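Lettering follows sequence order; numbering is per chain, from 1. Source: prediction; values computed, not measured.
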2 protein chains.
Amino acid sequence: MRHDVTDLNQTFAALSDTTRRAIVARLAEGEAPLAEVAAPFQMSLTAVSKHVRVLSDAGLVSVTKRGRTRYCRIEALPMRDAINWLNDYQRFWDTQLEALGTLLQDENEDD
Amino acid sequence: MRHDVTDLNQTFAALSDTTRRAIVARLAEGEAPLAEVAAPFQMSLTAVSKHVRVLSDAGLVSVTKRGRTRYCRIEALPMRDAINWLNDYQRFWDTQLEALGTLLQDENEDD
DNA sequence: ATAATAGTAAACCTATTGGCTGACTATATG
DNA sequence: CATATAGTCAGCCAATAGGTTTACTATTAT
């Protein structure tokens, strides 16, 4: 299993759409047929199917055909890679939040 | 400071490009003028300037003009929001890795 | 004052994205 | 067999993305 930069491109791109993140959230509650995945959305089944395709191309979802039904499942490993990338920058929001905290504290020093 | 779904859209989209992630990585080593940010890339300065614009629109980078120079700094808080979203799915890669581990273990049981 | 430096702005091009519809395939059911 | 169900495929469309070049603005240096 290789992981290169283009994988991260795909992962982040897949997650950059509200509908697709909602699909991931839905699938976190369990495997579901495409039609059920699509139900909450106003768009066509075809459109949702495309979104699922984007997710499965990115490896975030797997689709298994049983009978005439396609069952969709979450595959979270690419998200772990994304988190691993993001974690390198954690120190920045730590220090920036700290600075913000200090600022607020200074502002309240006259209490 | 509000955070809505469109913020996450922008954050993930900003991170879905190799060049932009490289820019973030560069800025993690410290503030830098745009020209210096652009130096490692083969594309035009204009193109890099556009990438920085995307990052700053997403709140991942801030740009300050001093003299004729634009200094770029990393602003990691949006990334924290992205991680917070991703963390909800950590249990999936935990269990999936565990399953993979068990599988590999089973395969080696005859040692 | 002139010229170099740092960058933006605008116009353009091509490819991709996200949506649609309509026709089609495959499976299940009356 | 006929029909409903689950979904894909192909073609279309408008908007966005990522790159280019050429012209312009603002600042610094000679």
Separation of atom CG in A:D57 from atom P in D:dT8, rounded to whole Å: 12 Å
Using whole Å, what does the distance between atom P of nucleotide D:dT16 and atom CZ of B:F12 come to? 21 Å
If you check the B:T19 side chain, which of D:dA6, D:dG19, C:dT21 turns out closest? D:dG19
Sugar-phosphate, base or nothing in reach of B:L34, heavy atoms under 4.0 Å: sugar-phosphate
In whole Å, I'd like the distance from the CG atom of B:D17 to the P atom of C:dA15. 18 Å
Under 4.0 Å between any heavy atoms, over every strand shown, what does A:S44 touch: base, sugar-phosphate, or nothing? Just pick one. base
Examine distances only and state if a side-chain atom of A:R70 and a backbone atom of A:A32 form a donor-acceptor pair shorter than 3.5 Å. no
Heavy atoms only, 4.0 Å cut-off, all strands: where does A:R20 land among base, sugar-phosphate and nothing? sugar-phosphate
Cut-off 3.5 Å, side chains only: do B:T18 and A:N9 have a donor facing an acceptor? yes
Expressed as a whole number of angstroms, how long is the span from B:L45:CG to D:dT21:P? 12 Å
Would you say B:R53 reaches C:dA9's phosphate, i.e. side-chain N/O to OP1/OP2 under 4.0 Å? yes
Length of the line joining A:Q42:CD and C:dT21:P, which is rounded to integer Å: 13 Å
Go through C:dT21, C:dG18, D:dT20 for me and flag the one nearest to the A:K50 side chain. C:dG18
Side-chain N or O of B:R68 less than 4.0 angstrom from OP1 or OP2 on D:dA29? no
It should be established whether B:S49 places a side-chain nitrogen or oxygen under 4.0 Å from OP1 or OP2 of nucleotide C:dT8. yes
Rounded to the nearest 0.5 Å, the CD atom of B:Q90 sits from the CD1 atom of B:I83 at a distance of 9.5 Å
Here's a test of your reading of the structure: between A:V54 and A:G67, which maps to the more 5' nucleotide of DNA chain C? A:V54
In whole angstrom, what separates B:F41's CZ from D:dG18's P? 13 Å
NZ of A:K50 to OG of A:S44: how many Å apart, nearest 0.5 Å? 8.5 Å
Do the side chains of A:L45 and A:V52 join up, straight or via other hydrophobic residues, at under 4.5 Å, putting them in one cluster? yes
May I have the distance from A:N9 (atom CG) to C:dT16 (atom P), rounded to whole angstrom? 13 Å
For B:K65, answer base if it contacts any base atom (sugar-phosphate contacts may also be present), sugar-phosphate if it contacts only those atoms, and nothing otherwise; contact means non-hydrogen atoms under 4.0 Å. sugar-phosphate
Length of the line joining B:L55:CG and D:dG18:P, which is rounded to integer Å: 10 Å
